[in-house]
Amino acid sequence: MRTRPLKVALLGCGVVGSEVARIMTTHADDLAARIGAPVELAGVAVRRPDRVREGIDKSLITTDATALVKRGDLDVVVEVIGGIEPARTLITTAFEHGASVVSANKALLAQDGAALHEAADEHDRDLYYEAAVAGAIPLIRPLRESLAGDKINRVMGIVNGTTNFILDKMDSTGAGYQEALDEATALGYAEADPTADVEGFDAAAKAAILAGIAFHTRVRLDDVYREGMSEVTAADFASAKEMGCTIKLLAICERAADGESVTARVHPAMIPLSHPLASVREAYNAVFVESDAAGQLMFYGPGAGGAPTASAVLGDLVAVCRNKLAGATGPGESAYTRLPVSPMGEVVTRYHISLDVADKPGVLAQVATVFAEHGVSIDTVRQQGKDGEASLVVVTHRAADAALTGTVDALRQLDTVRGVASIMRVEGE
């Protein structure tokens, strides 16, 4: 074993960063044995230096992150501060001054992953980011390495624990959206401002990363269709149960049937109770992968939190340090297919549409005619009426999103349609 330690700088020492530092200290001997050299925490950049950080030597604390990454003697920089700037500049500066980088920054990687990979390649450094998607669940490395010889056709998953907790509570207890959100907040699963989670921004960033790796093409955050879940109601869950389904906020990345394009999207969807993702409860994450040779695989576990995320960071740290000792770098960006990302209008799936209509003869015929005129085939129809008003639930066969949008627009023009109560996609069949 090499006795000279590999030097590691930590950018950020919050929930995740403090756990990374703790594990590096308490498991130092094990990490050294696994890597083949000891690992030394050489500096910790923070914004609030006066906070008590147990187990971290105060002499390592600095507020000058730029000076830290410019030291020139660092082997690895671990970035867990999040956001776009200053993280982007600090990462590229670390590459320029000889350090590889381990990051958990999903937002930055989804927006500027290609540029960061190019910077890493230019300076012959590693860029690893297992912790950016699904916390402790090993997912990036299996997609990038274990399945590198396979053709991945679809990646579909629950990649945000907050939203899964809320939807699970709505399903299991009959709670409304706000009630379930309040419980998630009280338990610490939801932030004071939950927008990034409940409106799908967090999941969309992860979908961009997953799609790029799975399909060997560049997918940015702007390429991902995003729809939040704040409009999901108890009535939607009641309808889902009648169909033998539940509702999940899903990140779905697909290769087109002809192999010439890909899609990436995040939205709530009904999913059959028989599908493995339907049984994912509480704040857990799970990702379902479909490929030509391996078939169907599912990755499941805690998707957030200090210790689970730190586990993924430390896994990357060990891999990068091993590469450093071997004088090599691991796999970088693979974007050779250069597949275009198709717009949401071209996505084909099933739909569940709930309409408020007049309770009188001929309404169903009018609605069916509109569906037929727009080339959307109806699978089932359920109608309930009382006192001149009725609810009409239509479940379609698979149709393009653009065709369904045109159908709904035309339905709204009918005098007998009082309103569109809800529209939800049906996935996993």
Side-chain angles (χ1 to χ4, degrees), residues 14-16 82-83 104 106-107 110 132-137 156-208 221 224-243 245-252 265-271 273 275 277-287 300-309 352-354 419-428:
V15 173
V16 176
K106 54 187 171 290
V133 179
I137 305 172
M156 179 172 73
I158 299 162
V159 295
N160 183 278
T162 300
T163 56
N164 199 58
F165 179 88
I166 293 170
L167 292 174
D168 181 48
K169 289 301 176 183
M170 293 177 69
D171 184 29
S172 61
T173 70
Y177 168 77
Q178 189 61 49
E179 183 182 353
L181 173 58
D182 290 343
E183 182 177 354
T185 304
L187 292 172
Y189 291 126
E191 301 287 345
D193 180 359
T195 303
D197 294 324
V198 301
E199 294 303 331
F201 291 99
D202 175 83
K206 295 170 182 176
L221 180 58
V224 181
Y225 172 83
R226 178 194 56 78
E227 184 180 318
M229 49 162 274
S230 57
E231 299 301 318
V232 176
T233 66
D236 292 325
F237 274 100
S239 294
K241 287 181 179 180
E242 290 180 359
M243 292 179 59
C245 293
T246 188
I247 299 172
K248 299 292 186 182
L249 184 75
L250 298 177
I252 304 172
R265 50 196 165 104
V266 169
H267 53 72
M270 293 183 180
I271 187 168
L273 294 175
H275 194 282
L277 291 176
S279 62
V280 179
R281 305 293 302 276
E282 298 285 329
Y284 278 79
N285 284 193
V287 177
Y300 169 84
T309 305
H352 176 283
I353 304 102
S354 180
V420 180
S422 70
I423 304 171
M424 192 164 294
R425 297 167 183 85
V426 182
E427 302 286 348

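Just the heavy atoms: all of them, side chains too, but no hydrogens, waters or symmetry mates, feed the values below. Residue numbers start at 1 and run along the sequence shown.
In this structure Ser279 satisfies the side chain to side chain donor-acceptor pair (under 3.5 Å) test with no other residue, sequence neighbours excluded. Qualifying side chain to side chain donor-acceptor pair (under 3.5 Å) partners for Glu227, counting only residues two or more places apart in sequence or in other chains: Tyr225, Arg425. Judged as a ring-ring contact (aromatic ring centres under 6.0 Å, His included), and not counting sequence neighbours, His267 has no contacts. Tyr300 meets the ring-ring contact (aromatic ring centres under 6.0 Å, His included) test with Tyr284; sequence neighbours excluded.
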Run the side-chain donor-acceptor check on residues 163-175: report pairs under 3.5 Å with partners two or more places apart or on a different chain.
from	atom 1	to	atom 2	distance (Å)
Thr163	OG1	Asn160	O	3.0
Thr163	OG1	Asn160	OD1	3.2
Asn164	OD1	Lys248	NZ	3.2
Asn164	ND2	Val280	O	3.2
Asn164	ND2	Glu282	O	3.0
Asp168	OD1	Arg281	NE	2.5
Asp168	OD1	Arg281	NH2	3.4
Asp168	OD2	Arg281	NE	3.2
Asp168	OD2	Glu282	N	3.1
Asp171	OD2	Thr246	OG1	3.0
Ser172	OG	Asp168	O	2.9
Thr173	OG1	Lys169	O	2.5
Thr173	OG1	Ala175	N	3.3

Under 3.5 Å, which donor-acceptor pairs do the side chains of residues 178-191 form with other protein atoms, sequence neighbours left out?
from	atom 1	to	atom 2	distance (Å)
Gln178	NE2	Asp182	OD1	2.9
Thr185	OG1	Leu181	O	2.9

For Lys206 and Val266, what are the C-alpha separation, side-chain angles and deciding distance, and is it a side-chain contact (heavy atoms from CB on, under 4.5 Å)?
-> CA-CA 10 Å; Lys206 295 170 182 176; Val266 169; over 6 Å; no
Let me see the working for Ser239 and Asp236 under side-chain hydrogen bond (donor to acceptor under 3.5 Å, both in side chains), right down to the final yes or no.
-> CA-CA 5 Å; Ser239 294; Asp236 292 325; 5.6 Å; no
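In terms of heavy-atom proximity, Val224 sits nearest to Ala207 at CG1-CB, 4.2 Å. When all heavy atoms of Gly428 and His275 are compared, the pair lying nearest together is O-CD2, 3.5 Å. Nearest heavy-atom pair, Ala205 versus Ala110, reported as atom, atom and distance to 0.1 Å: O-CB, 3.5 Å. The two residues Val232 and Pro268 make their nearest non-hydrogen contact at CG2-CB, 4.0 Å. Across Val159 and Ala251, no two heavy atoms sit closer than the pair CG2-CB, 3.9 Å.
A 4.5 Å side-chain heavy-atom check between Phe237 and Ile247 finds at least one atom pair inside the cut-off. A 4.5 Å side-chain heavy-atom check between Ile271 and Cys245 finds every atom pair outside the cut-off.
The 12-atom threshold is not exceeded at CD of Glu231, counting heavy atoms of other residues, nucleotides or ligands nearer than 6.0 Å.
Taking CG from Leu250 and CD from Glu427, the interatomic distance works out to 7.0 Å, rounded to the nearest 0.5 Å.
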